[in-house]
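Quick notes on the structure that follows.
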Amino acid sequence: MSKVYDHTKIEEKWQQYWEENKFFLKTQNQEIKNIKDKMYLLFAFAYPSGQGLHVGHVESKTALDILARYYRMNGKNVFFPVGFDAFGLPAENYAIQTGVPPVKTTKNAINTFRRQIKRLGISYDFANELATCHPGYYKWTQWLFLQLYKAGLAYQDTGMVNWCPSCQTVLANEQVVDGVCERCDTQVMQKEMEQWFFKITDYKDELIAGLDQVDWPAPTKAQQLNWIGKKDGAEVDFIVVTQSEMDELKDQDALPTTSVALDHTLDQLEKIIKKWYQKQLVGSAVEVPVLDSKVFFSREIWQHFGVKFRSGSERLFRLLAVPKIYSVLTSPCAVVTAREKKIKNGVIKFWSFEEFVDGAVVKVVVRELEHEKHVYSVIWRGENEDSFESKRAQWQQCHENHKNKHKKKKLSCACDPHPQGINTLQLPFLNSNYTEKLLELSRLLQEMPLKPWLDEELLQRVKNRATARISCFTTRLDTVFGATFVAVSPEKFKQLYLLKRVSEKRRGQVKQYLEQALRKTEEERQIGEKDKTGVDTGLKAVNPASGQAVPVYVADYVLSGYGTGAVMGVPAHDERDFAFAKKHNLEIKQVIAWEGREYDDHVWQTYYSDYGQMVNSGRFNGLDFIESLEQLLEEFAYALRPATIYKLRDWLISRQRYWGAPIPIVYDPEGKPHPVKEEHLPWELPTDVDFKPTGESPLKSSLELKARTEKLYGKGWTPESDTMDTFVDSSWYFLRYVASRDETAFSDPAALQKWLPVDFYMIGPEHIVLHLLYSRFFIKFLRDQGYLDFDEPFLKMRHQGMILGPDGKKMSKSKGNVITPDEVVEKFGADTLRMYEMFMGPIEADKPWDVSAVVGIYRFLSRVYQLVQTWSTASNDLEISTHEALQRKLHQTIKKVSADIPALKFNTAIAMMMELINVWEAAVKEETTKKAVVKETAEEVGSPAVISSTDVLAFIKILAPFAPFMAEELYQEIAENQVAKKQIAENPAQSIHLDVWPEWDEALALEQQVAIPVQINGKVRGEVLVAHDQLEEKEVVLAAAKKVESVQNYLKGKKVVKEIYVPGRIVSLVIRLAAK
RNA sequence: GCCGUGGUGGCGGAAUUGGUAGACGCGUAGGUCUCAAAAACCUAUGAGGGCAACCUCGUGAGAGUUCGAUUCUCUCCCACGGCACCA
């Protein structure tokens, strides 16, 4: 009788056979005829943990192995390498506990992994195996660091970093999960340290754009985008004024709700102008800064910046004031009041004047604060038609009485020389429109003598004053009128040196808040998430849109690292600001309204942050977000500018750990960093270190490293003692694979040209963000350095899901739900393990392990084994099979499997093969029964051959990628059959895995008769058999359908009103009661 | 809260992208073999009704489009993953 399926024996035999014959090591030597023929399959770099292979590894490795074997049999030149991401914390932590050096544990772990992988029959090209902890590899990791350093993309910076007190190392933001260390779940602290960074932000825009070039799952792309976090919005400048200044202004009635504060520095102006220029906003209204009584910008200067004067007259000609500059009046007889007021430390001089310009009443207040040498000017505008009209009436009155009345009241007029002798530019009275006034002004400006750029002293003053401006990023510029406070993060408040402006009275309180907030970690701040703490600084800042002077708070709900580190508080339309305002009793001013929805500032409603129509926003009332945007930017251009911010930050690569690639930097006796010379690479990891955590990098304890540095660079030189983040190692390994033994370069240009980019990459969803981002950054950098000629490393990528424990939860030792590959291989064999994991469901889904379901695959493989055994012991050899149903099923199966493998639908491919085996078995049984009628016993009957050797071969070939051991066994066994032997001999391959993939015969795969369902009023009421050559003939099929008995019953006494036939699919009849 | 993914028998999952819902496997029940058990094999297996042919319901809930919806549209519910005081 036939043999029993002995998986252990079979698998050991062929594993050895493949290894001896080096079948899968040949890829590198094969010549590519055509570039399309190469196939670089990449498995995510794995960390060789001491626990050995996990069933999750098996899934993705098997999936890729199936692809590798499939493509090889289809004549592709397949490159399928393997390696180990061997640096990392677990080995080091183990060393701390036991004293066993990481080199040793890592080596053992790799050996275990390699053994297990081979046992699974993964057809890796082991000739190119690599490990990141090998000096031959990390030499080039260090080389990469030096290239980045040379290009200015590796830099040192000090800053607050996440510190894990247990791991004694710095963590990247992304390694902190819910405030605890990703690896050991310890609370993360904040610590200030000198660190190395890679400037990945230089590539932020390209990292976004490149996503269009690759075939990746859309959610992955979305997550990358989210991580880079590009957001368009605007920056809004709030000018800080002290309380005493505020009081003075109030006296002047100079700050009604529609006033505008102006404050500018030179570089800001330059920025604005350039921005306009880039945005091609030539022709818009322009701000004319008058920097000094003697320094004017001529029209030429504006033109030099690419800005044209606006020709329209509807816009106010706005003037900017900076120190020592007063005013340029655009109308001839503005009412100018001059006043002096004594305050504590000096004198404030005020000049205010009103003028009327094309539809707006303008009030300008110029103030000079002697002691601070500051001047603010405020432009105040008529808010609506009514005030405009009344102001105009006033204005005309004023004009009528100009000459005598002004003099009587001792008011000065712009027409007159300035009483204080300050240079005031005067325009002749013009009755004509604004354009002409503008032209006149520009003519006058041109005549003014030009003074060179600001002198040092003035420049310094301008710079100082810049700190008195708080910029806030917002994506909701349409709510700007509703900003009733400004909240600054503690860090930013410190940076801006705002504390010195806080009044004595409050300073202590503010200082105290700052100190305790800065001490808190990011994590601690999050604990009090709903508790919006903050302190009123007593400072006021002027909302550039509403002109309202609003309080400035320091609040730790504002993040320092995002945007500008300060926010404009719009409590009416932002939930956080709302909570803050409620707690601190701040004004809540609704500026957005929605049709059919009420606003009540007592309770927050989610729709308060929805887009809507602007209200309480002056002339912008009624506009929506989009409509207002451009206009706001233009109207308040002196304080608003478009801005884009990113969440992505530079990559912090320093790790205070031992088991990683040393950063190739040495410091001279002055402490200045210098790169290690290339001839000194690899800059080897010393072995004489103390693993015990001390809070300092273990490399500091190495005498060898210190001695080496002094010997090579001189006395007093010291080595960098940090190692690199292991993400650095694992973000370029796929370049090294193609020339993993090259000692002269990081990779071989010819091999790179030949194999890269990677055609298919399979990684777990845990690597979606960082690994991919970093790899893409390296590729783009190396490309810019001329080493590569492609933009994206991974053309096609898919993810494997997670294999869960039988309880549906994530496998973990503590839950006791871990299934190990070894135990399954032991019991059922590697073929069963592979196939079961492929059969569990879609590759990308998370699936629970079903202990009892594994046996289904084992049964299937046993049946395959038995069937082929039975076949090969049959005495008669068939050239061509005569069993029609079996033939059809076989060819349908070849077709389906050939389509499913490249689509990664392994589960349905396996289901189809099972169906085939079911049909095959049934056919054998049928034949046996036929024979049994003649013969008496089963032995006499023997094994009927209903299937030809061509067919058997075809089947085991399509099975081969899934169950490579079984397929090889059967392949070699049926070679004893005469006919099969001939067919196998036609291919010189000594292994089924190097043989040729079978083709299917479309004609044989076709069903002779198709059962077409017949629907009546949408319900299936019968089916009609149609010969396959009549499928296209609508009338024939419809006629036949109507004759079907079950259909007839429904048609009685009814009228068919509609007939639908979808060829090969369905007949649908719509019936009504027949008209009487 | 935001972004993303999904919800189909007792379970894992199919369904040619709008055309007979539940392929394939597990489990379960009954049977064959056996002294018995295990293994293996055979038959049945969405729910309800009927002796039966058949009928009704049924893909998270509700509505819509259609001759026809697991598939498309809208509203809602639930689960999972990522980000999160991100302005």
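Labels below follow one simple rule: chain letters A, B, ... track the order of the sequence lines, proteins then strands, and each chain is numbered from 1.
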Do A:Thr832 and A:His7 have side-chain atoms, one donor and one acceptor, less than 3.5 Å apart?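 No, because no side-chain N or O of A:Thr832 sits under 3.5 Å from a partner of the opposite role on A:His7.
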
Suppose we screen for salt bridge (Lys or Arg N to Asp or Glu O under 4.0 Å). Which residues come up paired with A:Glu1033, at least two apart in sequence or across chains?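 A:Glu1033 satisfies salt bridge (Lys or Arg N to Asp or Glu O under 4.0 Å) with no residue once adjacent residues are dropped.
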
Going by the rule side chain to side chain contact (heavy atoms under 4.5 Å, CB included), which residues pair with [X] if we only count those two or more places apart in sequence or in a different chain?
X        : answer
A:Val550 : A:Phe238, A:Val486, A:Gln548
A:Ala922 : none
A:Lys889 : A:Gln892, A:Thr893, A:Met912, A:Glu915, A:Leu916, A:Val919
A:Leu514 : A:Pro490, A:Phe493, A:Leu499, A:Val510, A:Val554

Polar atom pairs (N or O), protein with nucleotides 17-21 of chain B, under 3.5 Å:
residue: B:G19; atom: N2; partner: A:Gln1015; partner atom: OE1; Å: 2.8
residue: B:U20; atom: N3; partner: A:Glu1023; partner atom: OE1; Å: 3.3
residue: B:U20; atom: O4; partner: A:Ala1011; partner atom: O; Å: 3.4

Tell me the stems RNA chain B sits in, counting at least three consecutive Watson-Crick or G-U wobble pairs, each under 3.5 Å on both distances.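 Stems for RNA chain B, defined as runs of 3 or more consecutive pairs: B:1-7 with B:77-83, B:10-12 with B:24-26, B:27-32 with B:40-45, B:46-49 with B:54-57, B:60-64 with B:72-76.
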
Less than 3.5 Å between a donor and an acceptor, one on the side chain of A:Lys532 and one on the base of B:C85, is that the case here?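 In this structure, the two groups form a donor-acceptor pair.
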
So which protein N/O to nucleotides 70-74 of chain B N/O distances come out below 3.5 Å?
none

Residues which pass side chain to side chain donor-acceptor pair (under 3.5 Å) with A:Ser628, listed by chain and number, not counting sequence neighbours: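 For A:Ser628 there are no side chain to side chain donor-acceptor pair (under 3.5 Å) partners, ignoring immediate neighbours.
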
Suppose we screen for side chain to side chain donor-acceptor pair (under 3.5 Å). Which residues come up paired with A:Glu844, at least two apart in sequence or across chains?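 For A:Glu844 there are no side chain to side chain donor-acceptor pair (under 3.5 Å) partners, ignoring immediate neighbours.
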
Phosphate oxygens OP1/OP2 of B:G25: is one of them under 4.0 Å from a side-chain N or O of A:Arg859?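 No, because none of the side-chain N or O atoms of A:Arg859 sits under 4.0 Å from OP1 or OP2 of B:G25.
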
For the backbone of A:Ile768 and the side chain of A:His799, can you confirm whether one donor and one acceptor N or O come within less than 3.5 Å of each other?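 Side chain of A:His799 to backbone of A:Ile768, a donor-acceptor pair under 3.5 Å: no, none is there.
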
Selection residues 904-914 of chain A - residue pairs positive for side chain to side chain donor-acceptor pair (under 3.5 Å), sequence neighbours left out: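 Sorted pair list: A:Asp900-A:Thr908.
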
Side chain of A:Arg1021 (C-beta onward), nearest among B:G13, B:C24, B:C55: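 Of B:G13, B:C24, B:C55, B:C55 is nearest to the side chain of A:Arg1021.
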
All N/O pairs under 3.5 Å across the protein-nucleotides 77-80 of chain B interface:
none

May I ask you to establish whether A:Arg476 and A:Tyr611 are in a cation-pi arrangement, using a distance under 6.0 Å from NZ or CZ to the six-membered ring centre and at most 45° from the ring axis?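 Yes; both conditions hold, so A:Arg476 lies above the ring face of A:Tyr611.
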
Would you kindly give the CE-to-C1' distance between A:Met914 and B:A14, to the nearest whole Å?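 Value for this atom pair: 13 Å.
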
